[in-house]
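Structure, as structure tokens:
We count ligands from 1, going down the list as the structure has it; atoms in each ligand are counted the same way. Heavy atoms only: backbone and side chains are in, while hydrogens, waters and symmetry mates are out. Since we're looking at a predicted model, the values are computed, not measured.
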Amino acid sequence: MFKDKETFKHAFTKQLVDKLGVTLEEATESDVYKILSGMIREQIGRDWAETNTTYKEQKEKQVYYFSMEFLIGRLLGNNLLNLGVLNLVKEGLAELGYPFEEVEEQESDAGLGNGGLGRLAACFLDSLASLQYAGHGTGIRYKYGLFEQKILDGNQVELPDYWLQKGNEWEVRRPDKQVEVRFWGNVVTREVQGRLIFETVQYEAVRAVPYDVPIIGFGHSPINTLRLWSAESMMDPFRQPYGQEGSYYRYLDYSRSVESISEFLYPDDSHYEGKLLRLKQQYFLCSAGVQSVLRTFGKLNLPLTELPKKVAIQINDTHPTLVIPELMRLLIDDNGFGWDEAWDITNQVVGYTNHTILSEALEKWPQQMVKELLPRIYMIIEEIDRRFRIQLSERYPDQPERVSRMAVAENNQIRMAHLAIHGGHSINGVAALHTEILKKREMKDFYELYPERFNNKTNGITHRRWLLYANPGLAALVNDCIGTRWIKHPQELNSLIKCCEDSRFQDEVAKVKSRNKERLAQYILDKQGIVVNPDSLFDIQVKRLHAYKRQLLNVFHILHLYNQLKENPQMDIVPRTFVFGAKAAPSYYLAKRIIKLINTVAARINGDKAVNEVLKVIFLENYSVSLAEKIIPAADVSEQISTASKEASGTGNMKFMMNGALTVGTMDGANVEMHEMLGGDNMFIFGLNAEQVQNFYQCGGYSAWDMYNSDSRIHEVMDQLITPGLICSQANEFQDIYQSILDHNDEYFVLKDFSGYVEAHLKVDLAYRNKPDWQKKAILNIAHSGKFSSDCTIREYASEIWRLNPVRRNGK
Ligand SMILES: *Cc1c(COP(=O)(O)O)cnc(C)c1O
């Protein structure tokens, strides 16, 4: 892209003057950011256009990853890295007097997601492009990303995240590619030449305008596209029912309601959100996305029967399931297909990824709501359901209850997961254990009906962002040790195994970790004015706040440590810094109370001179991708302590492992596969396993009160939640948390796993004292982390679900 540093410096300085009319001396960091991102856009413009031409000319099969969330974070550094000029630019800018770290801070995080599910979509885009697959993202351009979290007086406060305020250097508005999405109205049926024709009248039309973001993969990759749709009102009043009536005020109402469709990301991906607006958003994404896919396909001049050979659509959880009836609608109503043929095409095109077994997260929509908002789509779903019931009744003639259990529409609700499994050709879980649970329990009926559709695709993370970019010090060491092939072939990180006992290499790895910890300590000092000891053990839990992720277990352990230290100030423990980062859904009361508890415990411990030399607790506000990039490289210990069976995969666990942190974890999600590779010596496993958890749920036999009464450590910690003293400033301050455990019989087995967790941490304490051995374990973690690169995951999706080959571009 730039031949060398001097060329870059020259071009950059010239652009500052030409484009912004400022000299190097006058330029602000924001100017520098603008020019730099503009330079990248100019550089890749041709490749982007060429990629699209190539895909069209070679009639490549393309995959479209439909997701309500893309948690992409910042793009500047990652794009420079993937273009191979990051170091050159960093050095060049430094020589011109601009530290790259400060320039980067000018970019707002594109926080268009809640957590793991959205981040997965972003990692997948990186891998798709880097591996030369023709694969694109389809999402919504929310005006406001996930809320910005502030901590006030220990409590979470939510502020709007107006991430577009300063403009978005990476997007290109494409009004020429807009499509129309229709809501409401009535379906009228006519018969024309013996065929039934369905036409929706008196609908409300919305303009879907795409904003395209180039996805730059590593090396000489194609430039794929993340297409984010924005909702705008129709301008042409004569096509507008409201306009015809001449009521300007109604037009204003209409306009406002339209804009709300792409205004906010729902700040929760695990609870059923019963809002009409959410359903509107989902259909908006699906309809705009599928129309656009068909239009692109149309340029190939092939019959639509060829669609499955040229197009795959993957739906990220059930949120975009309406892709299925929408594709049916377009094939039948707009293209004259009969039902069976349309169904066959749809089935072959769509694949579904399941992300959770939490029952409250299984999406269901009230039939009435769907019927009113999307009348034609509702008819199609009804017909899908009718035919499915016939199919089921034939197969299970004596099991009407099974038919009802599996139906798509039942109890006045539409079950999106059933629609997705029945309407697609593939359903995958996101870690081996999760897929097994789907097959054996959650989706057992469907597994028996369609065993060939079920498959596993363990999640992954892009090692380029999460190691090469976020931890350049460690990446450089890896390069010194095993060369750079791992960047293209992450499994080759395995070669590090041979260096794990090399004491010089161990020292170097330890030094990099120390530097990363110093940087995080500085960040903490800048943000909170709290001094933490970079030589202490950094024990980190960062992820959304949710009861099943059990931040509470972590807090209870910290309280227990504190209690022990109060009793015996001479107790010999390795000094520790506990770090938390977590957003709670604004409506999730208990989660917010847990944030308050963490901050209360933190304030108490950090302010207690008797212990604060050995114990510190930090809650970092506004956990996000860019913050994760700062935190994770500094971790010694990674907390992955969900109740077994609840965390489908986890991807945070993989990021930590790749950065040489040791995991304290349960046998849940991808931790299980981690354990398979690492063995018990290189991570700290504790607690109930999934089967034991399921057994308790099914057969009972667990009593939280018994735990409370029989374990004095638990008793003490629990009582501290409600008794004035160490933690509470007034009686019953954390009564709600106390009751959630005792009165609801500890749904997530916090007390049950407490003892095992304390033991696991004693082992951590012991292991950390043996520095060479700890470094060896850390190196083995890094060495085995290549398996969790999303490159591996994407290759499996491509070959087993999408039937996609890498694209060959002329000479590249
Ligand atoms: C990776 C990531 C997550 C997912 O973390 P889990 O520990 O798997 O829940 C959530 N948020 C951000 C910002 C991430 O980068």
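- Every atom of ligand 1 with a heavy atom of Gly650 under 4.0 Å away is listed here by number and element: 8 (O).
- The distance from ligand 1 to the heavy atoms of Ser624 drops below 4.0 Å at these ligand atoms: 13 (C).
- Protein heavy atom closest to atom 15 (O) of ligand 1, with residue, atom name and distance, is Lys655 NZ, 2.6 Å.
- Considering backbone and side-chain atoms together, Gly652 places an N or O closer than 3.5 Å to an N or O of ligand 1.
- Residue contacts with ligand 1 for Phe656 are absent, since no atom lies close enough (heavy atoms, distance under 4.0 Å).
- Between Arg544 and ligand 1, no N or O atom pair is found at a separation short of 3.5 Å.
- Separation of the Phe749 and Tyr697 ring centroids falls under the 6.0 Å cut-off.
- Atoms of ligand 1 lying under 4.0 Å from any heavy atom of Gly115, numbered from 1 in the order shown and given with element: 10 (C), 11 (N).
- Defined by atom type and a distance below 3.5 Å, a donor-acceptor pair is missing between the side-chain atoms of Asn659 and Lys513.
- Within ligand 1, the atoms closer than 4.0 Å to a non-hydrogen atom of Thr651 are 1 (C), 4 (C), 8 (O), numbered from 1 in the order shown.
- Donor-acceptor pairing under 3.5 Å is recorded for the side chains of Asn455 and Ser426.
- Near Trp466, the atoms of ligand 1 lying under 4.0 angstrom from a non-hydrogen atom of the residue are 15 (O).
- Cation-pi check for Lys646 over Tyr548 is not met; the charged atom does not lie both under 6.0 angstrom from the ring centroid and within 45 degrees of its normal.
- Between Tyr757 and Phe556, the distance separating the two ring centers is not shorter than 6.0 angstrom.
- Taking atom 9 (O) of ligand 1 as the reference point, the nearest protein heavy-atom neighbour is Lys549 NZ, 2.7 Å.
- A salt bridge does not link Lys549 with Glu639: none of the charged nitrogens is closer than 4.0 Å to a carboxylate oxygen.
- Checking Pro490, Cys123, Ser790, Cys792 one by one against His463, the side-chain contact (heavy atoms from CB on, under 4.5 Å) holds for a single residue, Pro490.
- Looking only at heavy atoms of the protein, atom 12 (C) of ligand 1 is closest to Tyr623 CE2, 3.6 Å.
- Of the protein's heavy atoms, Lys543 NZ, 2.7 Å lies nearest to atom 7 (O) of ligand 1.
- Counting heavy atoms of neighbouring residues, nucleotides and ligands inside a 6.0 Å radius, atom NE2 of His489 exceeds 12 of them.
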